[in-house]
Amino acid sequence: MNVTHLECGLCGLRHEARRLHNLCTSCAKPLLPRYDLARAAQTLTKESLRNRQSDLWRYREVLPVENDENIVSLGEGWTPLFHAQRLGEQIGLSELYIKDESQNPTQSFKARGMAAAVSMAKELGAQKLAVPSAGNAAGALAAYAAKAGLEAFIFMPKDTPRANVVECEQTGAHVTLMDGLITDCGAEIGRRKEAEGWFDVSTLKEPYRVEGKKTLGYELAEQLNWELPDVIVYPTGGGTGLIGMWKAFDEMEQMGWIGSKRPRMVTVQAAGCAPIVKAFEDGKRFADEFPNAATEASGLRVPKAVGDFLILDAIRASGGTAVSVTDAELIAATREIGASEGIFCAPEGAACLPALKQLLKAGLVRSDERVVLFNTGSGVKYLECFSH
Ligand SMILES: Cc1ncc(COP(=O)(O)O)c(C=O)c1O
Ligand SMILES: [Zn+2]
């Protein structure tokens, strides 16, 4: 067990690791697990990975669970990284890759975060887990809670794609559909959790979903033979995957696996809900709540993210940028990626393509650069979006 403590991402305050925490007790910002990486690196070596299991637990030494018996797994992680040759040719890139997260349990990258969070909740004794969700996090929590024998309480906007609602019901969760947005769902949990005895597993409001998601960064490095790409294009709601990858790169550098070069991190949001893009353009470190948030890419309908400054810090430190695309563009891109690469993307993942086209046109990405798009989920969950 290599976790030494939890550290506030903003004020740096140390918190004890072996108990349930939500936000920093001083400034109410996200807590990030810190590890004894020298110790981790004694057994977690590039060579050792050759013989390890094909899921995210291959990076066991840099994951937070103490006792193996508490690991709740449905086979998450170690998803394929495809060379998107045909699509790359169409847009003028020879080194275009797609990390296909639709191949996770519950068909999205949310499985990574929930595998880690539910394992830790089990280890630290939580019984009832509550989450506000745009859809995919809900499906993932419901599945992992079921596997762990814990109760899941799920709050989603009532216009969440139907597949997400049905899968939560069929995996035994308590589902509440609300008028409003994911932020309203989160506020409802905040109001009721104490009386109900719920542990809040909202993204970045507990310390471990980001740990599951950081394995995206480890996998990417390993799959590219320890050479990070030039550009990562990532559809951003709460930003946990981007923050997690950025953390993974630092950990890998400290373990001596990679150098100091980083990919340029590109946040993609929907034009109807683009708080991070707005803050990036305005030169701000914290994002204002985006008014009247609306997009069919439900995972991107996050008007206010508690980890906003962590996203913005990473984008800026990497020399990256933040761009928005319209719903018409991202829906059309689903078909373009599907027809050229055979991957039926979630609209959030598809949004990466029009964003990349913008960057190519603006000269911010060159045709000889290696670019990775993140398809974060499956289009199968969003049939409503494609029927009109
Ligand atoms: C398919 C999909 N992509 C992207 C996101 C945004 O993820 P993150 O919170 O890591 O920014 C979500 C969140 O719900 C999602 O479901
Ligand atoms: Zn703090």
Side-chain angles (χ1 to χ4, degrees), residues 6-15 21-32 99-102 104 106-114 131-141 154 156-157 160-161 163-164 167 181-182 185-186 202-205 207 209-210 212-214 216-217 232-247 265-270 273-276 287 295-311 314-315 322 330 334 344-352 373-382 385:
L6 308 178
E7 183 183 273
C8 174
L10 185 65
C11 78
L13 186 69
R14 257 178 110 101
H15 293 63
H21 284 287
N22 288 113
L23 294 167
C24 172
T25 51
S26 170
C27 73
K29 295 298 181 191
L31 296 177
L32 300 169
K99 180 76 169 154
D100 187 14
E101 287 291 293
S102 70
N104 277 300
T106 69
Q107 295 80 53
S108 91
F109 74 148
K110 298 284 174 180
R112 293 179 187 267
M114 286 303 181
V131 81
S133 172
N136 284 316
L141 175 64
I154 281 160
M156 292 184 280
T160 296
N164 296 123
E167 73 171 333
L181 297 167
I182 188 169
C185 295
S202 300
T203 199
L204 291 169
K205 289 188 185 169
R209 282 174 67 180
V210 69
K213 279 202 182 169
K214 84 179 177 189
L216 286 169
I232 285 178
V233 188
Y234 178 84
T236 306
T240 312
L242 187 145
I243 294 165
M245 281 191 269
W246 194 247
K247 182 174 190 281
M265 306 297 283
V266 178
T267 268
V268 181
Q269 297 199 302
C273 182
I276 301 297
T295 168
E296 290 206 69
S298 47
L300 304 184
R301 204 167 46 187
V302 181
K304 175 88 188 141
V306 65
D308 51 0
F309 64 102
L310 295 170
I311 305 169
I315 300 173
L330 63 89
T334 308
F344 184 16
C345 290
E348 294 86 346
C352 294
L373 306 185
F374 276 81
N375 174 37
T376 43
S378 170
V380 168
K381 297 270 178 87
Y382 297 78
C385 297

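Counting starts at 1 for both ligands and their atoms, in listed order. If you're wondering where the values come from, they're calculated on a predicted model, not measured in any experiment.
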> Closer than 4.0 angstrom: is that true for some heavy atom of Y234 and an atom of ligand 1?
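The answer is yes: ligand 1 sits under 4.0 Å from a heavy atom of Y234.
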
> Flag the pair C24 / L10 as yes when at least one side-chain heavy-atom distance between them is below 4.5 Å, and no otherwise.
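Sidechains of L10 and C24: no contact.
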
> Can you check whether N104's main-chain N or O pairs, donor with acceptor, with S108's side chain at less than 3.5 Å?
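Absent.
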
> Using a 4.0 Å heavy-atom cut-off, which part of Y382 comes near ligand 1: side chain, backbone, both, or neither?
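Side chain only.
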
> Rounded to 10°, how many degrees is the angle SG/C27-the Zn ion (ligand 2)-SG/C11?
120°

> Can you list the atoms of ligand 1 that are under 4.0 Å from a heavy atom of T236?
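Once the distances to T236 are compared, the set is 11 (O).
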
> Of all the non-hydrogen atoms in the protein, which one sits nearest to atom 12 (C) of ligand 1, and at what distance?
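The answer is K110 CE, 3.5 Å.
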
> Hey, is S108 one of the residues with a heavy atom under 4.0 angstrom from ligand 1?
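Checking ligand 1 against S108, which is what was asked, there is no heavy-atom contact under 4.0 Å.
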
> Run the contact test for K381 against ligand 1 with a 4.0 Å cut-off on heavy atoms, strictly below, and give the result.
no

> If I apply the N/O under 3.5 Å rule, does A134 come out as touching ligand 1?
no

> State, with a plain yes or no, whether a side-chain heavy atom of S102 is found less than 4.5 Å away from one of C345.
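SC-SC contact between S102 and C345 ruled out.
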
> Applying a strict 4.0 Å limit to heavy atoms, is T203 in contact with ligand 1?
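T203: no contact with ligand 1 (<4.0 Å).
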
> Hey, does the side chain of K381 reach the backbone of T106 with a donor-acceptor pair shorter than 3.5 angstrom?
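Yes.
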
> How about P275 and K304: do any of their side-chain heavy atoms sit closer than 4.5 Å?
no

> Could you tell me the residue and atom name of the protein heavy atom closest to atom 2 (C) of ligand 1, and the distance to it rounded to 0.1 Å?
T376 OG1, 3.4 Å

> With the Zn ion (ligand 2) at the center, what angle do SG from C8 and SG from C24 span, rounded to 10 degrees?
110°

> Check ligand 1 against N136 and write out every atom of the ligand that is under 4.0 Å from a heavy-atom position of the residue.
1 (C), 15 (C), 16 (O)

> Side chain or backbone, does F109 bring an N or O within less than 3.5 Å of an N or O on ligand 1?
no

> Using a 4.0 Å cutoff against the non-hydrogen atoms of G241, which atoms of ligand 1 qualify?
10 (O)

> Can you tell me if G239 contacts ligand 1 (heavy atom of the residue under 4.0 Å from the ligand)?
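Yes.
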
> Any non-hydrogen side-chain atom of C27 less than 4.5 Å from a side-chain atom of L13?
no

> With the side chain counted from C-beta on, respond yes when L242 and M265 share a heavy-atom pair under 4.5 Å apart, and no when they do not.
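The answer is yes; the side chains approach within 4.5 Å.
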
> So which of A346, G379, G238 gets nearest to atom 9 (O) of ligand 1, if we judge by its closest heavy atom?
G238

> Is P347 close to E296 at the side-chain level, that is, under 4.5 Å between some pair of heavy atoms?
no

> Taking the side chain as C-beta and beyond, is there a heavy-atom pair between I276 and I315 under 4.5 Å?
yes

> Can you find a pair of side-chain heavy atoms, one from K110 and one from V131, that are under 4.5 Å apart?
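Heavy-atom side-chain distance check fails, nothing below 4.5 Å.
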
